[in-house]
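So the structure is just underneath, and the comments pick up after that.
Because the structure is predicted, anything quoted here is derived from the model rather than measured. Naming convention: chains lettered A, B, ... in sequence-line order (proteins, then strands); numbering from 1 in each chain.
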Amino acid sequence: MSSEQRKAFPFSEFEPKWQGEWEASKAYRTPNPGDADFDASKPKYFVLDMFPYPSGNGLHVGHPEGYTATDIIGRFKKMNGFNVLHPMGWDAFGLPAEQYAIKTGTHPRVTTEANVANFTKQLKSLGFAYDWDREVNTTDPGYFKWTQWIFLKLYNSYVGDDGKAHPISELEAQGLSREEIDHRRLAYVSEAPVNWCPQLGTVLANEEVVDGKSEVGGFPVERRPMRQWMLRITAFAERLVSDLDGLDWPESIKMLQTDWIGRSEGAYVKFNVEWPTCNGKPSGNPWAPPTIEVFTTRPDTLFGAEYLVLAPDHPTSTYLTSWLTTFLHTWPKGISDKWKGEVTEAQALPGLAVQAYREQAMKKSERERQQEGGRHKTGVFTGLYARNPVAPSKLIPVWIADYVLAGYGTGAIMAVPAHDDRDFEFAQKFELPITQVVQPPEGKDWQGFTDNGMAVNSGFLNGLPTAEAKKKITAWLEEKGLGKGTTNFKLRDWLFSRQRYWGEPFPIVWENGQHRGLAESELPLLPPTLEDFKPTGTPEPPLSKATDWVQYSATAKRELNTMPQWAGSCWYYLRYCDARNTERFVGVEAEKYWMTGKCSVPSAQCSDSEKLSTPTLSTEHSAPKPGGVDLYVGGTEHAVLHLLYARFWHKVLFDLGYVSTPEPFQRLVNQGLILGEDGQKMSKSRGNVVNPDDVVREYGADALRLYEMFMGPLEQVKPWSMKGVEGVYRFLARVWRLVMEVDDEGVWSLSKALQDVPANKQLTKALHETIKKCGEDIEKLSFNTAISQMMVCTNAFTGAEVKPAGAIVTFLKVLSPFAPHLAEELNAQIRAKFPALAAKRFLSDETWPAYDPAALIEDEVEVVFQVNGKLRDKARVPIQATKEEIEKIALASARVQEFMEGKPAKKIIVVPGKLVNVVV
RNA sequence: GCCGAUGUGGUGAAAUGGUAAACACAGCGGACUUAAAAUCCGCUGGGAGGAAACUCCCUUGCCGGUUCGAGUCCGGCCAUCGGCACCA
């Protein structure tokens, strides 16, 4: 279709015009508490989009899906008397700009600025009611100054016994040593093994590694120990799970986070290893036999523990290997070769076999371990035995196997083959004993039964159901000092440093091998200017190339790592509340108002003290909500990472008294992915990508907005259809022609059918139904059904000879959140002839129309008559007809009588205004 | 394997336990036009009967249940998509 073709309505003229007017008059500026035009008597509504990474590709049609939804909500809430905060910004640090810099030498700042300019232009062409004065950019020094500031808060905090973050100064006051304090910081340095990606030249968080490859680029990732900054998110694991309860999030997302955090209750149990004896005497060595502490969720099965397993990289594995190599020169009698590992040459001695197995296991990458072949169980017997604490007479073998992970629990397990799938598989392979200790319900095999049942063969636990057995054994272990109840989490601490250039530098310097935070006054710490962004090829970050910058003082050097991209997005919603504040990351009053709705600053415009003392608060009478942002819309891809990290930071800031709510986001909605016309995921390689700019050029911004909402439910995955765009475009054209008509020259003028007359009964009903349904549907985010109702209404008006101008203006108010340009233009056209009927300024300044319930009521309704549940007849019945009257009419129906076949009615169900069902 | 979501016309979809398929797209027919586009009007789930008006039967992935009545509630399957995946 060529752009020469005459347009069905002149959107390409009036859309830019109104965008210009809105911008010039700051129509969507939102005043803050303390501003002259701030009205504290209004409730607040904070509606947030997940801010985009401004990529070089520009917007794709997935972006405007969520953005249109929030725009409609924001405009609707504003018309309903809310102070609406609806901002936009840029998550602009990140790898693509840096890799582009490596390729072309263009500084990431230049690329980022160009991309931001392009995104801004594109977003503005869609007519979103953002308050652009609040725009944030994570790469702006005025922004990342505060990202660094929050990092320092983490660095200078610890979690106390109350489970809350406290300033580190409390520990200093208690006289703790430097080392003890460093050990408790929420931001700490760790030497743990990390995911190193040579191609990207950086380490990655566990979450950024998918199937042993980097999530970005799909490059291989290897494990290697490196000195890294970690954030102690695990200290908040419990609260991150339990606080989900109060949030209006999709259950599936809550589930995803809960699973990710992976809370499980169980117990630690201590097993003592015994050195082998030689002719009844200890085999004569000075090393202490170790105690192996295991974590189990099934302490009730302790009597069934048949062997222990240590992770290959468990410290006790290392200790035992040394001991075996030094002291144990023989296997216990009668050990099968199977138990001695797969390396034949090493089977001669336990020390050799164990050493060979560990080397093999630790060489295996995460990827190899997860692949099919890597999943079959391997392991090696250490030649040593430990005592089961509940059955001291029983010695059980100690194994090393890589199906036990060092990073979870204690890195060691007690194996109960009868009631754990993995242990069962292992025991079968190595012919280890399998003892039943849980009695399953009738009809189930006890072998491999992992659910709850009743304890058997378990001494003092016998006969107890699993839950009670757990309690009893845990109490017993605690009493004897052999173990204790505990809770474990799958969640690991957050690896927070990256070896990249284009990220926030850490506000940290190193001196004499110790780290220290910069003073607040030294922020923001800008990255150095670099010509060469290439990774060094070693774990040394690119910032090391800025030799002057690195040298903080004669004796101190700067931290060379930068923060991950998640950092900036952890708190941007807070910055929106007060985006230009230079004194604080967010002003106290602004944060309090936008996050809680409470306002202690008087409205500047209302000077009478009576009004000041009684501000109406939106949250005052309802149950307090833990989350601050009223509605957060974005993709499911951030279900765990971003949303978990942001919640973590928010809780730290909450504990330290910097924010007012325990949670950031009250209501979360995930928009569904938009697929290409072929039903496949949009991608350049498939050639099915739809560019929103093209759609705007052909059909206009309103048509794009409307189509994105008309496609189907917001949360659903759905394919694009250009024919569908044309459909809503035709609808908009029909609305246009309610008001405008065209002459032979193609010049549009106000339609002569448009008159200042009241709408007739039928049109009034259609209009008020539309007001009602659209209002309700917007609240439910059911935009597709709201639009179809507007279509019904428009069709009714199209069929009318005379178009009642006042009713059409009311309709335009309802349409305006969806198609703001068209609604605004038609209102202005109507205003030229009927100034009294139209909105004075912008439709967004108008109040959402109220519907008249009386207008919805009809004199007669259609009632259907069923016989035995099958539809047989219908009749129009007066609305006020009684049950008895309706029943009489139904029974009088010839068709009803025909199908009753002369039988008497057994039962008659009458639903007034709906139906009559006669059962014979 | 485990957890979750979703299955309705040719297509996107709609339906507080009460007329299944609203609203659109595509298709077909008509009006307007020299013609086309645009626009407007009508038809459009399947099957059977009838010249026709019309009438009947079937239909919400499959099987069962609850109910006067089930797309909707319950139980069991199947398929597709998403997440997790040796977490003891």
Dump every N/O contact between nucleotides 63-72 of chain B and the protein below 3.5 Å, one line per pair.
unit_1: rC68(B); atom_1: OP1; unit_2: K907(A); atom_2: NZ; d: 3.3
unit_1: rC68(B); atom_1: O2'; unit_2: N917(A); atom_2: ND2; d: 3.4
unit_1: rC68(B); atom_1: O2; unit_2: N917(A); atom_2: ND2; d: 2.5

I'd like a table of atom pairs between the protein and nucleotides 40-45 of chain B - only N or O on both sides, under 3.5 Å - with the distance next to each one.
unit_1: rC40(B); atom_1: OP1; unit_2: R737(A); atom_2: NH2; d: 3.2

Would you indicate, yes or no, if [N] has its OP1 or OP2 atom less than 4.0 angstrom from a side-chain nitrogen or oxygen of [X]?
X: K681(A); N: rG82(B); result: no
X: S264(A); N: rA88(B); result: yes
X: N784(A); N: rA24(B); result: no

Exercise. When the distance from CZ of F818(A) to P of rA24(B) is rounded to whole Å, what number comes out?
Worked result: 15 Å

Seminar exercise, completed: Taken to the nearest whole Å, OH/Y268(A) to P/rA88(B) is 12 Å

For this session: Scan W260(A), F236(A), W494(A) and name whichever one has a ring pair (Phe, Tyr, Trp, His ring centres under 6.0 Å) with Y645(A).
Result: W494(A)

Problem set entry | cation_pi(K7(A), F11(A)) dist<6.0 Å, angle<=45 | yes

For this session: Could you tell me whether S721(A) contacts a base, only the sugar-phosphate backbone, or nothing, with contacts defined as non-hydrogen atoms closer than 4.0 Å?
Result: nothing

Exercise. For P250(A), which contact category applies under a 4.0 Å heavy-atom criterion: base, sugar-phosphate, or nothing?
Worked result: nothing

Exercise. Can you list the steps and then say if F710(A) with F783(A) is a ring-ring contact (aromatic ring centres under 6.0 Å, His included)?
Worked result: CA-CA 7 Å; F710(A) 187 61; F783(A) 303 114; over 10 Å; no

Establish, yes or no, whether a centroid distance under 6.0 Å links the rings of [X] and [Y].
X: F9(A); Y: Y729(A); value: yes
X: Y699(A); Y: Y707(A); value: no
X: W399(A); Y: F430(A); value: yes

Exercise. How does each nucleotide of nucleotides 4-11 of chain B score, in 5' to 3' order, for protein heavy atoms under 4.0 Å: base (B), sugar-phosphate only (S), or none (-)?
Worked result: S-------

For this session: Between rG17(B) and rG30(B), how far apart are the P atoms? Round to whole Å, please.
Result: 45 Å

Exercise. Quick one: which of rC84(B), rG18(B), rC3(B) gets closest to the side chain of D259(A)?
Worked result: rC3(B)

Seminar exercise, completed: Which of rC84(B), rA88(B), rA13(B) is nearest the side chain of V404(A)? It is rA88(B)

Nucleotide N/O to protein N/O under 3.5 Å, stretch nucleotides 54-56 of chain B:
unit_1: rC56(B); atom_1: OP1; unit_2: R895(A); atom_2: NH1; d: 3.2
unit_1: rC56(B); atom_1: OP1; unit_2: R895(A); atom_2: NH2; d: 2.2

Exercise. If pairs are Watson-Crick or G-U with both distances under 3.5 Å, what is the dot-bracket string of RNA chain B, marking crossing pairs with [ ] and pairs to another strand with |?
Worked result: (((((((..(((.....[....))).(((((.......))))).(((((....)))))..(((((..]....))))))))))))....

Exercise. Which residues satisfy the ring-ring contact (aromatic ring centres under 6.0 Å, His included) test with F865(A), sequence neighbours excluded?
Worked result: none

For this session: Kindly label the base of rG29(B) as syn or anti, based on whether its glycosidic torsion lies within 90° of 0.
Result: anti

